[in-house]
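Since the structure comes first, as structure tokens, the remarks are kept for the end.
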Amino acid sequence: MEFKDHVCELLNTIDVCQVFFDITVNFDLTKNYLDLIITYTTLMILLSRIEERKAIIGLYNYAHEMTHGASDREYPRLGQMIVDYENPLKKMMEEFVPHSKSLSDALISLQMVYPRRNLSADQWRNAQLLSLISAPSTMLNPAQSDTMPCEYLSLDAMEKWIIFGFILCHGILNSDATALNLWKLALQSSSCLALFRDEVFHIHKAAEDLFVNIRGYNKRINDIRECKEAAVSHAGSMHRERRKFLRSALKELATVLSDQPGLLGPKALFVFMALSFARDEIIWLLRHADNMPKKSADDFIDKHIAELIFYMEELRAHVRKYGPVMQRYYVQYLSGFDAVVLNELVQNLSVCPEDESIIMSSFVNTMTSLSVKQVEDGEVFDFRGMRLDWFRLQAYTSVSKASLSLADHRELGKMMNTIIFHTKMVDSLVEMLVETSDLSIFCFYSRAFEKMFQQCLELPSQSRYSIAFPLLCTHFMSCTHELCPEERHHIGDRSLSLCNMFLDEMAKQARNLITDICTEQCTLSDQLLPKHCAKTISQAVNKKSKKQTGKKGEPEREKPGVESMRKNRLVVTNLDKLHTALSELCFSINYVPNMVVWEHTFTPREYLTSHLEIRFTKSIVGMTMYNQATQEIAKPSELLTSVRAYMTVLQSIENYVQIDITRVFNNVLLQQTQHLDSHGEPTITSLYTNWYLETLLRQVSNGHIAYFPAMKAFVNLPTENELTFNAEEYSDISEMRALSELLGPYGMKFLSESLMWHISSQVAELKKLVVENVEVLTQMRTSFDKPDQMAALFKRLSSVDSVLKRMTIIGVILSFRSLAQEALRDVLSYHIPFLVSSIEDFKDHIPRETDMKVAMNVYELSSAAGLPCEIDPALVVALSSQKSGHCNNIHCLAKAINQIAAALFTIHKGSIEDRLKEFLALASSSLLKIGQETDKTTTRNRESVYLLLDMIVQESPFLTMDLLESCFPYVLLRNAYHAVYKQSVTSSA
């Protein structure tokens with residue numbers, strides 16, 4: 001109510017003063033007058049669209065009555081206004097009869113501005129609009145116009161002024177051909193106008209409904225129908241062509257200015273014109289896409305809209321970045337040219353009242369006092385006072401009885417409008433960007449916004465411009481208003497969620513492309529694996545021996561590398577397409593290092609890094625191809641080949657985007673060396689550890705696989721039920737090295753700890769057997785030099801086979817660990833030779849008398865580097881926690897006895913050397929006793945057992961051959977080697 005009263009009062013005052021309006025002369029006064037009328041009209045239309053408006057004001061009055069004890073005194077007027085404005089435009093047409101003269105004058109002044117702005121793309125192209133290079137000789141000349149502020153005036157705003165304005169003062173349409181032409185031109189350009197945000201007004205139907213009841217308006221109704229037909233059939237294609245022209249024009253402008261930013265000074269007008277033109281076309285498309293008949297939908301779907309928005313953002317970025325360049329230029333322009341010209345104009349005025357003279361003198365003085373040094377010193381400029389004075393001066397000089405009439409001094413008005421533009425180039429660049437290129441309207445067209453983004457990603461040629469959509473989210477806060485602060489959070493949250501969604505989708509798209517490239521490269525790498533050369537070798541051998549194998553029509557297998565041979569440059573492979581699409585999308589991700597949306601900083605590259613880490617982790621685990629049901633898993637060497645191919649592709653991403661791919665590798669690969677990753681998912685370390693323990697070593701215990709020291713591998717034994725895998729292909733030295741490369745020292749340590757846990761469980765069972773036979777064993781320890789007594793005591797021992805079996809299992813596990821440690825040592829020696837040699841030197845030169853705790857620390861370091869130690873620290877840790885190649889793998893016993901003894905005697909603070917000497921004495925005594933036996937059962941495999949004793953001494957760092965020979969004749973060992981060899985030859989035959 002109050003707003004309506006103030007508007008009506010102001011409009012009456014303007015009519016009484018007979019204010020002169022001309023958009024090309026008193027621009028600010030005319031623009032604000034027309035904006036006031038449109039705001040008033042829009043408000044009344046929106047009010048009429050509130051369905052429950054009568055109920056709302058009734059409730060308001062009731063609440064007022066309850067609170068204050070009386071109804072609101074303005075309630076009757078408010079209620080009457082609601083009733084009167086049921087049809088707002090009809091009521092306002094009556095209301096504006098007295099204001100028709102002023103309003104029509106202001107609108108008709110657009111006759112030089114609006115038609116010039118509403119040209120077709122061909123006319124723009126012929127005029128080489130916005131081109132800096134069309135006339136190289138004039139490139140440095142400042143862009144000038146008599147109507148500077150009109151050049152970047154919103155076309156959307158002008159169409160609102162014309163359509164609503166001429167509806168309110170419709171009488172002028174019958175008497176003035178200029179007014180009619182303006183009105184028809186506006187009706188042909190659009191089908192609907194924006195009232196507020198996404199609220200639209202369908203102009204043709206509304207205008208026809210208003211005029212149909214006015215006598216003598218049949219011609220106007222026919223005009224409206226013709227214009228509607230023209231708008232439906234031609235407006236879409238006309239605006240589509242405009243957008244097409246603007247894409248190329250803005251691209252040229254942005255390219256030239258990025259190379260020569262100094263041109264932003266003289267050609268600033270072109271920049272703001274380009275931004276304004278593009279903004280108008282984008283808003284027009286957005287508004288009409290949801291409000292046009294489906295039959296002409298093609299004209300309202302623009303898959304290249306992202307490119308136009310992108311170049312707008314690039315121009316905005318140039319203005320922000322090179323603001324000081326523009327300031328320097330226009331500070332000099334204002335002081336060196338504008339001040340002089342304005343001073344001359346003022347001097348030549350025939351009449352100049354004192355107040356006007358003071359204001360204009362202050363303009364000249366303000367401009368004259370400017371200097372480049374102020375820009376260099378970083379001084380903050382503020383010309384708002386000067387612009388406000390000019391607004392006041394327009395009001396003083398536009399009334400009918402003014403001493404100095406602006407209508408008679410148009411040059412003064414045009415010059416001042418130019419000066420005001422120049423001042424804005426110094427102190428209001430950000431505000432100018434908002435005025436000419438604000439696209440916060442997208443905040444209220446979320447569905448269309450997201451659809452445009454998806455179309456952009458789907459079109460490879462447009463994906464490089466996809467960053468424009470997150471950048472648009474930075475505009476959203478400019479549509480908030482201080483009178484509605486509660487809206488800030490809602491709009492801010494929407495801007496954040498949309499920006500996050502866009503960046504996330506871009507990163508996902510890039511990740512998917514990278515994954516596809518990795519898959520292709522892994523396939524190519526797989527072709528180079530040794531297993532694929534078998535067929536080629538077979539064909540070569542057969543060819544040499546002239547054997548014909550296979551079918552005659554069988555196609556020859558393509559060799560690796562064929563994909564790189566091109567007969568024609570035009571042939572495009574799938575990999576080429578993927579690389580092209582990736583480079584386009586990465587350009588977008590890399591376009592800005594970060595962006596600020598509602599005081600939140602977004603970094604597009606981090607989105608990509610995050611997605612690459614997640615996908616790389618899943619891919620590595622996936623490439624193991626572990627099947628829990630069938631216990632199948634990829635060979636470590638094949639997995640390593642695939643991982644290296646994957647990493648090669650990821651490293652190439654640094655050519656497209658400035659991301660630290662090494663950080664991705666470190667994060668992912670280090671997590672894979674642990675039992676679980678950061679998300680609690682199993683890693684390749686846990687999968688391979690589980691497979692080797694539960695599948696390979698379990699089959700060794702079952703007698704299906706044997707360890708062959710000469711081959712340094714586990715080998716399948718012929719059995720009735722063939723195994724699903726070949727043990728040698730998973731345990732030979734090349735595979736163990738590949739496993740060490742994949743798991744690294746941390747992963748291999750976890751593997752060792754898991755192996756030691758199994759050993760500790762076997763030792764626990766052995767302890768039970770020792771406890772069970774403790775009395776007999778104690779007697780045997782003191783009677784080892786009494787053969788008869790020893791034989792009798794031996795027969796009293798129980799579960800002897802169980803001890804042998806468990807010690808064999810321990811030996812197998814330790815043999816496997818020895819393979820793993822050796823492979824780790826080889827890998828580390830290749831990667832960090834100097835560090836490994838330092839650790840080795842440290843271990844070799846530690847004195848024997850060193851404190852055991854210190855020695856264990858050294859051994860732990862050495863063991864982590866894969867070096868063999870006298871005492872196995874992992875085994876010590878595993879056993880201390882319990883304080884509560886023959887086919888039967890019997891040769892593994894030597895390793896088991898030595899390492900178990902060393903670990904146990906370290907835990908129990910005993911002398912390892914003394915205890916092992918005692919063991920040697922007991923063992924040699926027992927074996928010499930067996931040599932005297934004649935019973936076949938007792939002497940079975942006697943020679944093999946002799947050799948086992950020899951292996952124990954050879955494996956032990958604490959026992960020597962001299963010590964063995966002192967208690968066991970070497971001649972027996974020599975004969976045993978001969979007998980075992982002879983037996984193996986016989987069995988082979």
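Count residues from 1 along the sequence.
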If you draw a 6.0 Å radius around [atom1] in [X], do more than 12 non-hydrogen atoms from other residues or ligands fall strictly inside?
| X | atom1 | result |
| --- | --- | --- |
| M1 | CE | yes |
| E52 | CD | no |
| K414 | NZ | yes |
| E486 | CD | yes |

query: Going through the distances and angles, do Y114 and W183 end up as a ring-ring contact (aromatic ring centres under 6.0 Å, His included)?
result: CA-CA 10 Å; Y114 178 67; W183 196 57; over 10 Å; no

statement: In F502, F442, Y445, Y465, the residue satisfying ring-ring contact (aromatic ring centres under 6.0 Å, His included) with F453 is F502

task: Compute the centroid of each ring, for H170 and then for Y217, and state whether the two points are separated by less than 6.0 Å.
output: yes

task: Compute the centroid of each ring, for F277 and then for Y152, and state whether the two points are separated by less than 6.0 Å.
output: no

Is a side-chain N or O of [X] found less than 3.5 angstrom from the main chain of [Y], in a donor-acceptor match?
| X | Y | answer |
| --- | --- | --- |
| D156 | D280 | no |
| E241 | M238 | no |
| T24 | T147 | no |
| S100 | V97 | yes |
| N181 | A177 | yes |
| S276 | F272 | no |
| K4 | M81 | no |
| H475 | D438 | no |
| R197 | C479 | yes |
| H64 | Y60 | no |

- prompt: How far does CG of L107 sit from CD1 of I163, to the nearest 0.5 angstrom?
  reply: 11.0 Å

field: Spatial distance of atom CD (E159) from atom CD1 (I203) [nearest 0.5 Å]
entry: 7.5 Å

- prompt: Does the ring-ring contact (aromatic ring centres under 6.0 Å, His included) test come out yes or no for F96 and H99, once each step is laid out?
  reply: CA-CA 5 Å; F96 265 78; H99 313 311; 5.2 Å; yes

Passing option when E86 is tested against K91, R49, R53 for salt bridge (charged side-chain N to carboxylate O under 4.0 Å, His left out): R53

Close side-chain approach of [X] to [Y], heavy-atom, < 4.5 Å:
| X | Y | answer |
| --- | --- | --- |
| I224 | L187 | yes |
| L286 | D198 | no |
| R220 | N174 | yes |

Mutual orientation of the aromatic rings belonging to F310 and Y591 [parallel < 30°, tilted 30-60°, perpendicular > 60°]: tilted

message: Parallel, tilted or perpendicular: which one describes the rings of W598 and H489, with boundaries at 30° and 60°?
response: perpendicular

- request: Scan Q80, E74, R73 and name whichever one has a side chain to side chain contact (heavy atoms under 4.5 Å, CB included) with R77.
  value: E74

Over all heavy atoms of both residues, which pair between [X] and [Y] is shortest? Give the atoms and the distance, please.
| X | Y | value |
| --- | --- | --- |
| C473 | C499 | SG-N, 3.6 Å |
| A306 | A468 | O-CB, 4.0 Å |
| F21 | S102 | CD1-O, 3.8 Å |
| R242 | A121 | N-CB, 3.8 Å |
| H239 | E281 | ND1-OE1, 2.7 Å |
| V271 | L253 | CA-CD2, 4.2 Å |

query: With a 4.0 Å cut-off, would you call K219 and D223 a salt bridge?
result: no

- prompt: Are E208 and R225 within salt-bridge range, i.e. N to O under 4.0 Å?
  reply: yes

task: For the pair F391 and F27, evaluate ring-ring contact (aromatic ring centres under 6.0 Å, His included) and give the outcome as yes or no after the intermediate values.
output: CA-CA 9 Å; F391 197 173; F27 174 83; over 10 Å; no

- prompt: Hey, mind stepping through D427 and R387 against side chain to side chain contact (heavy atoms under 4.5 Å, CB included) and telling me if it holds?
  reply: CA-CA 11 Å; D427 73 333; R387 290 193 285 270; 3.1 Å; yes

- request: Scan D28, N26, N417 and name whichever one has a side-chain hydrogen bond (donor to acceptor under 3.5 Å, both in side chains) with Q394.
  value: D28

